[in-house]
S.K.: 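Below you will find the structure I want to go over with you.
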Amino acid sequence: MNKKILMKGNEALAEAAIRAGLKGYFGYPITPQSEILEYLSRHLVGSNRVFLQAESEVAAINMVYGAAGCGERVMTSTSSPGFSLMQEGISYIACAELPCLLVNVVRGGPGLGTIQPSQGDYFQAVKGGGHGDYKLLVYAPNSVQEMADFVYKGFDAADKYRTPVLILTDGALGQMMEPVVFPDYNPDNHYTNHSAWATRGKSKNRDPNVITTLNLEADAMEKTNIHLQAKYKSIMENEVMFETIETEDADFLLIAFGLTSRIAHKALEMARENNIKVGLLRPQTLFPFPTQAIAELAENVQAILTIEMNAGQMVEDVRLAVNGRTPVYFYGRMGGVIPQPNEIYQKIKDVYHSSSKQISE
Amino acid sequence: MSISQEGIHCNYLNEMDLVWDRPDTFTDTTLHYCPGCGHSVINRLIMESVQELNIEEKTIGVAPVGCSVFAYHYMFIDMQEAAHGRASAVATGIKRILPDRIVFSYQGDGDLAAIGTAETIHTVNRGENILMLFINNGIYGMTGGQMSPTTLKGSITSTSPDGRDYNQHGYPLDITKIIAQMPGSAYVTRQSVDSANAVRKTKKAMMKSLKYQMDGGRGVCFIEIVSNCPSGWKMTPTESNEWLRNEIFNHYELGDIKQLPKLKTNEI
């Protein structure tokens, strides 16, 4: 058993990246993610490892593009306004099929907003975010342990699918300290040879490798899109991750991701103490979304309550999954406010009673 | 994309009579540039230099957005196409990850001196060991001839129909002079390809820059090539070259702007 270490979420993520074989980091300071940048500036050292503080998030994501195009494990991290600045570059990276890891430690918006934690970037993360039809594979940790674990998963998936992977977390998870255990992970055993497409200098017996996203012919560009969509379909079939808590006998289902899922879990315990059979489903991947699992649970519950730290974003995906099988309610706080367990419990009681009334009527 | 390593072969000539041929690093794909445009010459010159230095297996180029976006159709080496303005950031990512490779970026004036100004300045400021090629024709050619940051006073473009007016549009940006003042630039020169002599000088600057990078480098080598845009300027190729010599070079004076002491000797 590896040693348990007390660490900040941002630092655990950075340490995991080094252990996962990170070759290059390009980033720009922004609260509440700067610890990732600072940690890597101290620890990402040694031969063939690059730490570079860029002049902007725009430059950082394009450095990631260039470095990922060389076929090495590279990443960047930022927080919401910076993630907006990166969107153009991420669209290029997705189209050029460059594997890399992105991290968004979300803060409250819109605008300059607040440095308090938020989940307001859900749409931007899972619906593409930049221009054109593309998706990111999105992991949503809810603990410092998962802040580390999803780094390994993220790099492996990025290499496997040749696609940008995003860890969508928030300011609270980034800043909080918890025990974390780093798994045994030897990057050499997870090495993917990208030399077939990477630009590392054209060896004698092959044609040039060209990384481009341009295709003026509509038919050819559609083929690129069809190829990308097939990849996303494969990701949807193979990479869905979620956790369920006390859903077996539940007649009322909570759905929440990231930080909110921990508060929802507390509210679940309060409800269970008062004989309301509440269960919780926590998506660990936001794209691909656990559509099937939600659809199946929707058959057996009287109502679903989605809880988010935003105005109601994931709830749209929940409604698509539920497809009218059962009523879907929403409770959210915005602008960096973290909901309290008793607020959620109160909402559970309100919805539970109104939905049981509907059913008995 | 069809790329072939075959050069042009003339059946009616004996091989021993051959005095000119396409370099192996320059494909026989038909160039899409307008007749008389400097891009085709510059594309060829950088590939000639790469071949003569025998570095085609370790050179990675970064193609821009703009008229030369398809540079990778003509350059038979590994290449990345960058987003508009970001070529030097992409080149930085490549060079930092693979420091023993030779990396060059190729950008126009809209790309390098407008949308990519921050990346340009900071790439130079970090002293990245890359070659930056800056093709300045004072116009957005690809998008139909709009005013660019380097367009001269009075020039009529599709977005300055009454000619560039300093009060409305500001001044032509001489970014090369700014770059020459920065400690991160090693070699800064302004050249052209409007005559055979100018072509030779430009190639010499490219060879010098690439050799410098091969020797390890101590900063950005920056070559501005003041070039023409016959279509955008609404001129014949000959007129456009005369316009360069009679008007443009008076503002953008040709010649070396910055050399490191080491580069002044013949050792590189």
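A note on names: the letters A, B, ... follow the listed sequences, proteins ahead of strands, and every chain is numbered from 1.
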S.K.: Does the gap between the ring centers of B:F70 and B:H39 come in under 6.0 Å?
M.R.: no
S.K.: What is the ring orientation for A:Y25 with A:F51, classed by angle as parallel under 30°, tilted 30 to 60°, or perpendicular over 60°?
M.R.: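 Parallel, since the angle between the ring planes stays under 30°.
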S.K.: A:H190 and A:F155: aromatic ring centres closer than 6.0 Å?
M.R.: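 No, the ring centres sit 6.0 Å or more apart.
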S.K.: If I measure from the heavy atoms of chain B, does A:T212 come under 4.5 Å with its side chain, its backbone, both, or neither?
M.R.: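 Answer is both: backbone and side chain atoms of A:T212 are under 4.5 Å from chain B.
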S.K.: Need one label for A:N209: side chain, backbone, both or neither, based on atoms under 4.5 Å from any heavy atom in chain B.
M.R.: both
S.K.: Exactly one of A:R206, A:R200, A:K202 should register a side chain to side chain donor-acceptor pair (under 3.5 Å) with B:D78. Which one does?
M.R.: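 Among A:R206, A:R200, A:K202, the one meeting side chain to side chain donor-acceptor pair (under 3.5 Å) with B:D78 is A:R206.
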S.K.: Go through the atoms of A:A68 and report whether side chain, backbone, both or neither lie under 4.5 Å from a heavy atom of chain B.
M.R.: neither
S.K.: Is it the side chain or the backbone of A:I61 that comes within 4.5 Å of chain B heavy atoms, both, or neither?
M.R.: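 For A:I61, neither part sits under 4.5 Å from chain B.
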S.K.: At a 4.5 Å cut-off on heavy atoms, which part of A:L98 comes close to chain B: side chain, backbone, both, or neither?
M.R.: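 Neither part.
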S.K.: So do B:M79 and A:I211 actually touch side chain to side chain, heavy atoms under 4.5 Å?
M.R.: no
S.K.: Are there more than 12 heavy atoms of other residues, nucleotides or ligands under 6.0 Å from atom CD of B:E52?
M.R.: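 Enclosed.
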S.K.: What part of A:T213 gets closer than 4.5 Å to chain B, counting heavy atoms only: side chain, backbone, both or neither?
M.R.: both
S.K.: Run through A:L286, A:D121, A:L136 and flag the one making a side chain to side chain contact (heavy atoms under 4.5 Å, CB included) with A:V126.
M.R.: A:L286
S.K.: Determine the option with the most heavy-atom pairs under 4.5 angstrom with chain A, choosing from B:T92, B:I55, B:I77.
M.R.: B:I77
S.K.: Quick one: what part of A:V58 sits under 4.5 Å from any heavy atom of chain B, side chain, backbone, both or neither?
M.R.: both
S.K.: Answer with side chain, backbone, both or neither: which region of B:I94 has an atom nearer than 4.5 Å to a non-hydrogen atom of chain A?
M.R.: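 Both parts, backbone and side chain.
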S.K.: Tell me if the CG atom of A:L228 is crowded by more than 12 foreign heavy atoms within 6.0 Å.
M.R.: yes
S.K.: Does any heavy atom of chain A fall under 4.5 Å from the side chain of B:R101, the backbone, both, or neither of them?
M.R.: side chain
S.K.: If I measure from the heavy atoms of chain B, does A:F26 come under 4.5 Å with its side chain, its backbone, both, or neither?
M.R.: side chain
S.K.: Report which part of B:Q80 has an atom under 4.5 Å of a heavy atom belonging to chain A: side chain, backbone, both, or neither.
M.R.: both
